Amino acid sequence: QGQRCVHDYLSRLAAAPAPPDVEPSAGGGGYALSQTGPVHVIALGKAACSMARGALDVLGTRIARAYVVTKEGYAEGLPWPCHIGGHPLPDERSLAAGAGLLEFIAALPRDAEVLVLLSGGASALVESPAAGIDLSKLRAANEWLLASGLDIAQCNRVRKSLSLIKGGRLAARLAPRRVLCLAISDVPGDDAAIIASGPLVEDTQGDADIPGLPDSLRQSLRHPPPRPERDVFRAVRMDIIANLDQAKTAAAAAARQLGY
């Protein structure tokens with residue numbers, strides 16, 4: 001239902017004379033897309049194509065360019081290429097998608113308005129590894145994390161330390177452009193710093209050690225890439241438009257309709 005969620009949000013926004021009088025999930029205060037002018041879209045995750053279609057339904061020809069990354073088997077026909085990344089483990093396609101994303105951002109005008117659409121799976125589907133982290137190390141780290149029994153918050157803390165786009169670093173790449181992020185949360189508590197490993201929000205997870213980490217991952221956790229300055233988040237607004245509880249409620253309703 002990513003298409004409908006994005007469609008409904010943007011439709012309400014288009015009908016409002018000013019940004020909605022609600023607190024964002026993270027950052028950006030009352031910032032919302034302008035009523036006119038070009039919008040550049042970045043859609044990442046398993047629901048990326050569906051969410052991008054919802055944006056297309058409302059914004060139409062206002063969308064100047066779009067960069068879409070999703071999982072194999074989840075692609076849909078869109079006016080823009082749909083890039084495929086690896087999931088649940090990152091692969092060569094994930095790194096190619098990450099490199100393409102950074103090229104896309106570098107080509108954006110500095111006064112561009114950017115709509116980012118995030119959904120589950122983005123942590124693996126698109127990646128730009130930190131210095132000294134090649135694909136084999138990245139895959140080994142993710143294989144260990146998936147089998148470790150650590151919760152998603154701890155896993156994503158480690159993933160942030162291996163990445164040049166997670167942990168708010170994508171926001172640094174986008175600054176000073178104005179960014180509205182609409183996210184479908186797949187994490188308990190809907191913590192924006194955990195969804196997709198928090199590419200657009202300040203990392204608030206702290207520096208506490210995670211017991212049981214292999215030495216290589218512990219060193220990465222202790223010496224991550226530099227964290228972005230707080231100023232880069234001022235032009236970023238993030239709103240969660242759907243979450244796990246809503247998905248479970250919808251699944252239960254569908255099951256009842258089928259007689260279960």
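Just so we're clear, the structure is a prediction, and the values are computed from it rather than from any experiment.
Taking CG of Leu162 as the start and CG of Leu221 as the end, the distance is 9.0 Å to the nearest 0.5 Å. Here CG of Asp191 is found 7.5 Å from CD1 of Ile195. Values are rounded to the nearest 0.5 Å. How far NE2 of His7 is from CG of Leu59: 10.0 Å, rounded to the nearest 0.5 Å. Rounded to the nearest 0.5 Å, atoms CD1 (Ile194) and NZ (Lys166) are 14.5 Å apart. How far OG of Ser185 is from CG of Asp190: 3.5 Å, rounded to the nearest 0.5 Å. The distance from atom CG of Leu117 to atom OH of Tyr9, rounded to the nearest 0.5 Å, is 11.0 Å.
The side-chain hydrogen bond (donor to acceptor under 3.5 Å, both in side chains) test with Glu127 is passed by exactly one of Ser163, Ser94, Ser197: Ser163.
Between Ser50 and Gln1, the shortest heavy-atom contact is OG-C, 4.4 Å. Closest non-hydrogen pair, His83 versus Tyr67, comes out as NE2-CE1, 3.4 Å. Nearest heavy atom pair, residue Ser161 against residue Pro225, reads O-CD, 3.3 Å. Listed here is the closest heavy atom pair of Ala183 and Met238: CB-CE, 3.6 Å. For the pair Ala66 and Trp80, the tightest heavy-atom approach, listed with the atom from each and the gap, is CB-CD2, 3.4 Å. Here the closest non-hydrogen pair linking Leu182 and Leu10 is CD1-CD2, 4.3 Å.
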query = Given the rule in the salt bridge (charged side-chain N to carboxylate O under 4.0 Å, His left out) test, do Asp231 and Arg234 qualify, once you have shown the distances and angles that lead to the verdict?
reply = CA-CA 6 Å; Asp231 286 354; Arg234 289 182 178 174; 3.2 Å; yes

key: Candidate pair Lys46 and Asp186, rule side-chain contact (heavy atoms from CB on, under 4.5 Å), full reasoning   = CA-CA 11 Å; Lys46 289 182 284 187; Asp186 62 345; 5.7 Å; no

task = Check the pair Arg177 / His40 against side-chain contact (heavy atoms from CB on, under 4.5 Å), numbers first and verdict last.
result = CA-CA 11 Å; Arg177 304 167 184 92; His40 303 262; over 6 Å; no

message = Checking Thr70 against Ile84 for the side-chain contact (heavy atoms from CB on, under 4.5 Å) test, could you report, in this order, the C-alpha distance in whole Å, the side-chain angles of both residues, the deciding distance, and whether it holds?
response = CA-CA 5 Å; Thr70 194; Ile84 302 299; 4.0 Å; yes

query = Could you walk me through whether Arg227 and Glu202 pass the salt bridge (charged side-chain N to carboxylate O under 4.0 Å, His left out) check?
reply = CA-CA 8 Å; Arg227 290 180 177 174; Glu202 185 177 2; over 6 Å; no

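Between Pro199 and Leu44, the closest side-chain pair of non-hydrogen atoms is not below 4.5 Å. Contact check for Ile63 versus Leu115: no side-chain heavy atoms found under the 4.5 Å cut-off. With contacts defined as side-chain heavy-atom distances shorter than 4.5 Å, the pair Pro228/Phe233 qualifies. For the pair Val236/Val201, no side-chain contact is recorded, criterion being any heavy-atom separation below 4.5 Å from C-beta on. Side chains of Lys137 and Ser216 form no contact here, defined as non-hydrogen atoms less than 4.5 Å apart.
Atom CD of Glu72 is surrounded by 12 or fewer heavy atoms from other residues, nucleotides or ligands within 6.0 Å. In this structure, Glu143 places its CD atom where more than 12 heavy-atom neighbours from other residues, nucleotides or ligands lie under 6.0 Å away.
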Check: residues 97-112 side-chain donor-acceptor pairs under 3.5 Å, at least two apart:
none

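Proximity of a side-chain donor or acceptor of Ser11 to a complementary backbone N or O of Asp8 within less than 3.5 Å is not detected. The closest donor-acceptor contact from the side chain of Arg218 to the backbone of Ile210 lies under 3.5 Å.
For the 3.5 Å distance criterion, the side chains of Arg159 and Asn156 qualify, holding a donor opposite an acceptor.
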